[in-house]
2 protein chains.
Amino acid sequence: MENNSCIRQQADIKQINRCKDTVSELSESFDHLANGLSLVGNSVRLKILYLIFEEKRLCVCDLSDILGMNISAISQHLRKMKDRNLLKTEREAQTIFYSLTTEYSTLLNPFFEILDGNKILATT
Amino acid sequence: MENNSCIRQQADIKQINRCKDTVSELSESFDHLANGLSLVGNSVRLKILYLIFEEKRLCVCDLSDILGMNISAISQHLRKMKDRNLLKTEREAQTIFYSLTTEYSTLLNPFFEILDGNKILATT
DNA sequence: TTCTTATTTAAGCAAACACTTAAATACGTA
DNA sequence: TACGTATTTAAGTGTTTGCTTAAATAAGAA
């Protein structure tokens, strides 16, 4: 695994050490953020999140119809996002509605705005 | 693949159709954005991007030292990000420096700010 | 030209991922 | 209770990902 023999002639040792400190300091932050973003970095899940953002709440069945995908496949995507706290659920009789958690709707808002912008462009 | 038999008793047909329209309208935007985010949603690549953001530019060798990873592994991450236009390169003798493209540094700035915030918390 | 340094690329492999099918769970109604 | 609707979960499978090792490319120095 290790091959730290690559010490450039003019490598800036201070810079390297500063960076190493940053990485170890923020190690958990990197993992946590990357973890969340890896979920959003899938077009099916991004669609689901955006649709829920627009419609406030949707159930598996709705999403299955909208995306033309197997209910089971959608359910498994929803579960992942619920497990990592991007989504929360509320039951209403047999139907389970998914909505965004406040924590993540803030984080994801910039992306939804980008998509909203494209929507306007596409319509005109 | 299809199993669109799930038509809820009280499904909102108008809502479903509105959502279908949105999805087909923004189809490419979803793919493009998800594609970009899937790259950032990896802790090694997120670290690389943040370090380059902080230090303005870094080479494979630096990153290999900082992250304690194989040069080849880092190189392959960098290539992916260059291919999808998150990073650009400039050669200086034998050394190739990677830096953020303006297009993506804007998009990624919110995340870097989150990480900066955590850094302050971790330091105090 | 040959050697060293810096980096990329190709091939291989184990782990993670996304989807399918089928079975299980949960709630409501007859 | 038994049945229908809404949803989740488990198991299986093909594809993608991230890393390893080894070979290839590129530029400068001897």
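To find a chain, count down the sequence lines: A is the first, B the second, and so on, and within it residues start at 1. Any value given below was found using the heavy atoms of this structure, including those in side chains, with hydrogens, waters and symmetry copies removed.
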J.: D:dT17, OP1 or OP2 - any side-chain N/O from B:His77 closer than 4.0 Å?
T.: no
J.: Can you tell whether the side chains of B:Lys119 and B:Glu54 come within less than 4.0 Å, N to carboxylate O?
T.: yes
J.: Checking side-chain contact (heavy atoms from CB on, under 4.5 Å) for the pair B:Leu100/B:Phe112: CA distance, chi angles, key distance, verdict?
T.: CA-CA 12 Å; B:Leu100 289 167; B:Phe112 297 151; 3.9 Å; yes
J.: To the nearest angstrom, how far is A:Ile96 atom CD1 from C:dC27 atom C1'?
T.: 10 Å
J.: Taking atom types as they are modelled, would you say the side chain of B:Gln76 forms a donor-acceptor pair with the base of D:dT17 within the 3.5 Å cutoff?
T.: no
J.: On DNA chain C, check which nucleotide each of A:Val44 and B:Thr89 is closest to and give me the residue with the more 5' one.
T.: B:Thr89
J.: Please pick, from C:dT8, D:dG18, C:dC27, the nucleotide with the shortest atom-to-atom distance to any side-chain atom of B:Ile71.
T.: C:dT8
J.: Can you tell me the distance, in whole Å, between the CD atom of A:Gln94 and the C1' atom of D:dT5?
T.: 5 Å
J.: Given pairs defined as Watson-Crick or G-U wobble with both distances under 3.5 Å, what dot-bracket annotation applies to DNA chain C, with ( ) intrastrand, [ ] crossing, | other strand and . unpaired?
T.: ||||||||||||||||||||||||||||||
J.: Does D:dG18 have OP1 or OP2 under 4.0 Å away from a side-chain N or O of B:Arg45?
T.: yes
J.: Can you find a side chain N or O atom of B:Asn42 that sits less than 4.0 Å from OP1 or OP2 on D:dT17?
T.: no
J.: Looking only at non-hydrogen atoms, find the nearest pair between A:Phe30 and A:Thr22 and report the distance.
T.: CE1-O, 4.4 Å
J.: Step by step, would you call B:Arg18 with A:Glu55 a salt bridge (charged side-chain N to carboxylate O under 4.0 Å, His left out)?
T.: CA-CA 10 Å; B:Arg18 180 172 64 239; A:Glu55 304 292 331; 2.6 Å; yes
J.: At 4.0 Å (heavy atoms only), tell me whether B:Ser75 reaches a base, stays on the sugar-phosphate, or touches nothing.
T.: base
J.: In this structure, how many angstroms lie between the P atom of D:dT8 and the CD1 atom of A:Ile74, rounded?
T.: 11 Å
J.: Checking contacts here: which listed nucleotide (C:dT20, C:dA18, D:dG18) is nearest the side-chain heavy atoms of A:Asn70?
T.: C:dT20
J.: Write down the distance between CZ (B:Arg57) and C1' (C:dT7), rounded to a whole number of angstrom.
T.: 16 Å
J.: Is it the case that more than 12 heavy atoms not belonging to B:Arg79 sit under 6.0 Å from its CZ atom?
T.: no
J.: Rounded off to whole Å, could you give me the CE-to-P distance for the B:Met69 and C:dT8 pair?
T.: 14 Å
J.: Can you measure B:Leu63 atom CG to D:dC19 atom P for me and round it to whole angstrom units?
T.: 13 Å
J.: Does D:dT17 have OP1 or OP2 under 4.0 Å away from a side-chain N or O of B:Lys80?
T.: no
J.: Considering only heavy atoms and no angle criterion, is a donor-acceptor pair shorter than 3.5 Å present between the side chain of B:Ser72 and the base of C:dT9?
T.: yes
J.: Looking for any heavy atom pair under 4.0 Å, which part of the strands does B:Tyr98 touch: base, sugar-phosphate only, or nothing?
T.: sugar-phosphate
J.: Any ion pair linking B:Arg57 and B:Glu92 (charged N to carboxylate O, less than 4.0 Å)?
T.: yes
J.: Please report, rounded to the nearest Å, how far the C1' atom of C:dC17 is from the CG atom of A:Leu46.
T.: 17 Å
J.: Between C:dT8 and B:Lys82, is there an OP1 or OP2 to side-chain N/O distance shorter than 4.0 Å?
T.: no
J.: Using the rule given for side-chain contact (heavy atoms from CB on, under 4.5 Å), can you reason through A:Tyr50 versus B:Leu26, listing the C-alpha separation, both sets of side-chain angles and the distance that settles it, and then say yes or no?
T.: CA-CA 11 Å; A:Tyr50 182 70; B:Leu26 294 181; 3.8 Å; yes
J.: May I ask you to check whether over 12 heavy atoms, not counting those of B:Glu28, lie within 6.0 Å of atom CD?
T.: no
J.: Within the pair B:Arg79 and C:dT9, is there a side-chain N or O less than 4.0 Å away from OP1 or OP2?
T.: yes
J.: Atom CD of A:Glu92 to atom C1' of C:dC27: distance rounded to whole Å?
T.: 13 Å
